[in-house]
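In the text below, chain A, chain B and the rest are named by the order of the sequence lines, each starting its count at 1.
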Amino acid sequence: MTEFSGWLLDLFENPGGGISLWFIGVNGKRQRFLQKFPATFFVRVNETQAVALKRFLEKQNAVVHLSYQERYDLFARKALRVLAVEVQNAYQQPALFRKALHELPDLQYYDADVALSLRHAAIYNTFPLAFCRLKADDQGWIQEIKVMDTPWDIDIKPPPLRVLRLSPDTNPEDSTPQALIVQYASRLHKLSLQPVRALLINLKSILSQYDPDFILTRWGDTWLLPRLIEMDNATGIGLPWNREPGRSFGYRAERSYFSYGQIIYRGQQIHLFGRIHIDQGNAMFWSDYELDGILETSRLTRLPIQTAARQSSGTGISSMEIVTALSNGMLVPYQKQQAEHAKTALELLHSDQGGLVYQPLTGLHTDVGEIDFISMYPSIMVRCNISPETDPSLALEPSDEPPGLIPQTLAPLLDKRIKLKQLLAELPHWDPRRERYKQLTSAQKWLLVTCFGYLGYKNARFGRIEAHEAITANGREALLRAKEAAEARGFLLLHMYVDGLWVQKEGARHPEDFQDLLDAIAERTGLSISLNGIYRWVAFLPSRVDQRVPVANRYFGVFQDGSIKMRGIETRRHDTAPFIAATQLEILQHLAGAEDVQTLKEKYLDGAVAILRMRLHNLLSGEVPLEQLLVSQRLSRELEAYTVPSPPARAYAQLHAHGKVLRPGQRVRFLYTLDEAGVRAWGLPEMPDFKFVDTARYKALLIQAAGTVLQPFGWDEERLGTVVSGIPAEQDPLPLTRIKSPSFWSEGLLSDTKYDQVTS
DNA sequence: TACAGTCGGGG
DNA sequence: GTGTACGACTGTA
């Protein structure tokens, strides 16, 4: 018998039986243990069906134990008698279930499509990187395992991770890479991709000597690993990618899928065994929260790290709900089988709407505070006990019933997030923990946000549309109560949007001026509320189509600390050329330098117009690198499915003609050009010449973007157009070779690809 | 003018 | 192995 302490890195099924668990030991050793772990699913059967199921199972090449059990069904709200099918080898369970479903499709199956890591979490409280103590026999089979921490702990003993970073020296979609950038343990190498043998031998020695726990790549799923594996197979050198003996790679095919109203593309994936591969470009929110955020998602959701990194947060919150259900001995439905409950017309009238949207008072405002409800929807779910199996209140009343599945799942997550937010507010800015805390809260935010949307999807495993509506109804109620409280205290309500409100009162410039209102709102709604900030000035924009109509979601402003908030304007959009976005931001940052509106109007507007003139001059004299003029848009369909030759469709057609295939959800980048097509795709064999760039069009876009942020100060597009006309070089753009590189381009404002920092 | 196609949310 | 909103805006014809 051996005893062992360490962090659980990964666990997975073994084809030969039992499951493998890989640990990072406190002794520094990376060690695998085995564990006997049968996987059970349940079936609701009458006597004849039970006979048929037993007959089917007998014919299968799998050892199963059958028994009848009483399990609680969430939607029936009572315990049901179900047949438990305990599959001794967990590896066989998914396939066995699929065959059973095919053979006997009319039965109700439960716990049938639950990931192994979730089953394990429900029994042993495990999660990725959990600190464990275990006892194992001499063959390495675990006899006892204890988890010493929880996903809700904030300051954990950090596991000593070994991280290897691999990336090609260029984006393989644009040009063929020549070398591989390799970083580990504060070392940085550049390995040439040719000759192949030397490269592979080098990599082999790094993999076996450094023995990384994580391999973080760029284009690793879609380009790098497939290439390296292919080369390796051809030469027979044998790179030790996996730690688990005898396992090949876990491949997942590329796919396009629909999520929140748009097509998303996810490239092919390559998973490893006993070691973690994450492709940053293929990871869900990599740019948002880096490795700490991914590890937090993984801890909270109990999904394997390689899965958590690439999965949507919908799968994440669903996993958390499944673990809650399993831990409570509740049945996890395979398919949602629930019809929408009948509703009276009155209920429909009250609840069947989304979040509250208000029409703001357009124009420039001062003495404005922005008040936000903190995690409004999740807080409502917890406070009002909103869950598919409960009868929620519509009047923000706290529930005295025992908490349902969703509140049980959310409450600890919400607590952890609030604790972290408080810590972040207290910690000095130089504290090294801040960065990690920010990544954790960002990961948590996505899970919380998605939980709401997920509840509203009628086919979600634990979804129920009435629950979704109860949340938005309570949200609207909270905002209306906040509005009353504000108006009763002499504030003018400028705007409300889903979970925030903007209130104005002459002379209100200090947090104390808003405190009474905050207290009143918290008291009237029972929800947490915070003063997000006080604006030096804020502007709500009218519709571009009709200047008389305000729109809810286009505004920008500067807080007292000088930070900028903007929504819906060009800089925020992913289809704005970097040059246009950067110029708009540059103007805003200039305006943010003014202490108040008076000073701004007197001393800063000339400078703003000067910035526009300067950038326009850069544009028309060919000083802007072509990359900064690229527009990037997401393809929503296959090429043949386009009926209108929109710019992205035209650009894709050009790429397609050169044999490049893009899938729906992938982005296409292009320039606006003067030729017949009007656009030119980026990534064609020939580099475009600057003289074909439609500078007049970029000029119009630039003036439009400047007009968006200057219009509240009296400089609309039309007025800007008159002042900036006559800038030289319009008729005579310079060739590309004359491009200078003003410091503006290298300030990071515009850089879109940057390599990761070396971390030790 | 009609309508097809794209974006947002977060930091 | 996700979770098919909806309104603003732009471009094409």
**Asked** Within the structure, does a side-chain N or O atom of Arg667(A) lie under 4.0 Å from either OP1 or OP2 of dC7(B)?
**Response** yes
**Prompt:** At their closest point, which heavy atom of Ala325(A) faces which heavy atom of Leu405(A), and how far apart are they?
**Reply:** N-CD1, 3.7 Å
**Centroid separation Tyr497(A) to Tyr358(A) less than 6.0 Å** = no
**Item:** Spacing of His574(A) atom NE2 relative to dT6(B) atom C1', expressed in whole Å
**Value:** 13 Å
**Asked** Picking from dG10(B), dT2(C), dT6(B), which would you name as closest to the side chain of Gln633(A)?
**Response** dT6(B)
Table of protein N/O atoms under 3.5 Å from nucleotides 8-12 of chain C N/O atoms:
| unit_1 | atom_1 | unit_2 | atom_2 | d |
| --- | --- | --- | --- | --- |
| dC9(C) | OP1 | Arg544(A) | N | 3.3 |
| dC9(C) | OP1 | Arg554(A) | NE | 3.2 |
| dC9(C) | OP2 | Ser543(A) | OG | 2.6 |
| dC9(C) | OP2 | Arg544(A) | N | 3.3 |
| dT10(C) | OP1 | Arg544(A) | NE | 3.0 |
| dT10(C) | OP1 | Gln704(A) | NE2 | 3.1 |
| dG11(C) | OP1 | Arg697(A) | NH2 | 3.0 |

**Asked** Want to know the stems of DNA chain C: at least 3 consecutive Watson-Crick or G-U pairs with distances under 3.5 Å, which are they?
**Response** B:1-8 with C:6-13
**Request:** May I ask you to verify if any side-chain N or O of Ser636(A) is less than 4.0 angstrom from the OP1 or OP2 atom of dT6(B)?
**Result:** yes
**Prompt:** Hey, would you say the Phe452(A) and His468(A) ring centroids sit under 6.0 Å apart?
**Reply:** yes
**Request:** Whole angstrom is fine here: how far is it from CZ in Phe452(A) over to C1' in dG10(B)?
**Result:** 16 Å
**Request:** Verify the contact: side-chain N or O of Thr307(A) to OP1 or OP2 of dG1(C), cut-off strictly under 4.0 Å; return yes or no.
**Result:** no
**Asked** In whole Å, what is the span from the OH atom of Tyr652(A) to the P atom of dG5(B)?
**Response** 15 Å
**Message:** Rounding to an integer number of angstrom, what distance separates dG9(B) and dT2(C) when you compare their P atoms?
**Reply:** 24 Å
**Message:** Show, in sequence, the C-alpha distance, side-chain angles and deciding distance for Gln584(A) and Thr571(A), and conclude whether the side chain to side chain donor-acceptor pair (under 3.5 Å) test is met.
**Reply:** CA-CA 7 Å; Gln584(A) 190 182 55; Thr571(A) 302; 2.4 Å; yes
**Asked** With rounding to whole Å, what would you report as the distance between dG10(B) and dT4(C) at their C1' atoms?
**Response** 22 Å
**Asked** Looking at Tyr109(A) versus Phe42(A), is the centre-to-centre ring distance below 6.0 Å?
**Response** no
**Prompt:** Distance check: side-chain N/O of Arg637(A) vs OP1/OP2 of dG5(B), anything under 4.0 Å?
**Reply:** yes
**Request:** Check the distance between dG7(C)'s P and Tyr497(A)'s OH and give it to me in whole angstrom.
**Result:** 11 Å
**Asked** Does OP1 or OP2 of dG9(B) have a side-chain N or O of Tyr377(A) closer than 4.0 Å?
**Response** no
**Asked** What pair of heavy atoms forms the shortest contact from Leu303(A) to Pro128(A), and how long is it?
**Response** O-CG, 3.2 Å
**Request:** Give a yes/no on whether any side-chain N or O of Arg255(A) is located under 4.0 angstrom from OP1 or OP2 of dG1(C).
**Result:** no
**Item:** Between dT4(C) (P) and Ile263(A) (CD1): distance, integer Å
**Value:** 12 Å
**Prompt:** Do the side-chain N or O atoms of Arg310(A) get closer than 4.0 angstrom to the phosphate oxygens (OP1, OP2) of dG1(C)?
**Reply:** no
**Geometric cation-pi criterion, Arg680(A) with Phe670(A): 6.0 Å, 45°** = no
**Prompt:** Mind checking the C1' distance from dG7(C) to dG11(B)? Whole angstroms is fine.
**Reply:** 24 Å
**Request:** Rounded off to whole Å, could you give me the CZ-to-P distance for the Arg634(A) and dG8(B) pair?
**Result:** 8 Å
**Fill in**
Atom CZ of Arg567(A) and atom P of dG11(B) are separated, to the nearest Å, by 7 Å
**Message:** Assess whether a salt bridge exists between Asp575(A) and Arg667(A), defined as any Lys/Arg side-chain N lying under 4.0 Å from an Asp/Glu carboxylate O.
**Reply:** no
**Item:** Distance test, side-chain N/O of Arg461(A) to OP1/OP2 of dG1(C), below 4.0 Å
**Value:** no
**Request:** Round to the nearest Å and state the distance from Asn282(A) atom CG to dG1(C) atom C1'.
**Result:** 15 Å
**Request:** Look at Arg663(A) together with Glu638(A) and state whether they make a salt bridge at an N to O cut-off of under 4.0 Å.
**Result:** yes
**Request:** For this output row, return yes or no: ring centroids of Tyr334(A) and Phe97(A) closer than 6.0 angstrom.
**Result:** yes
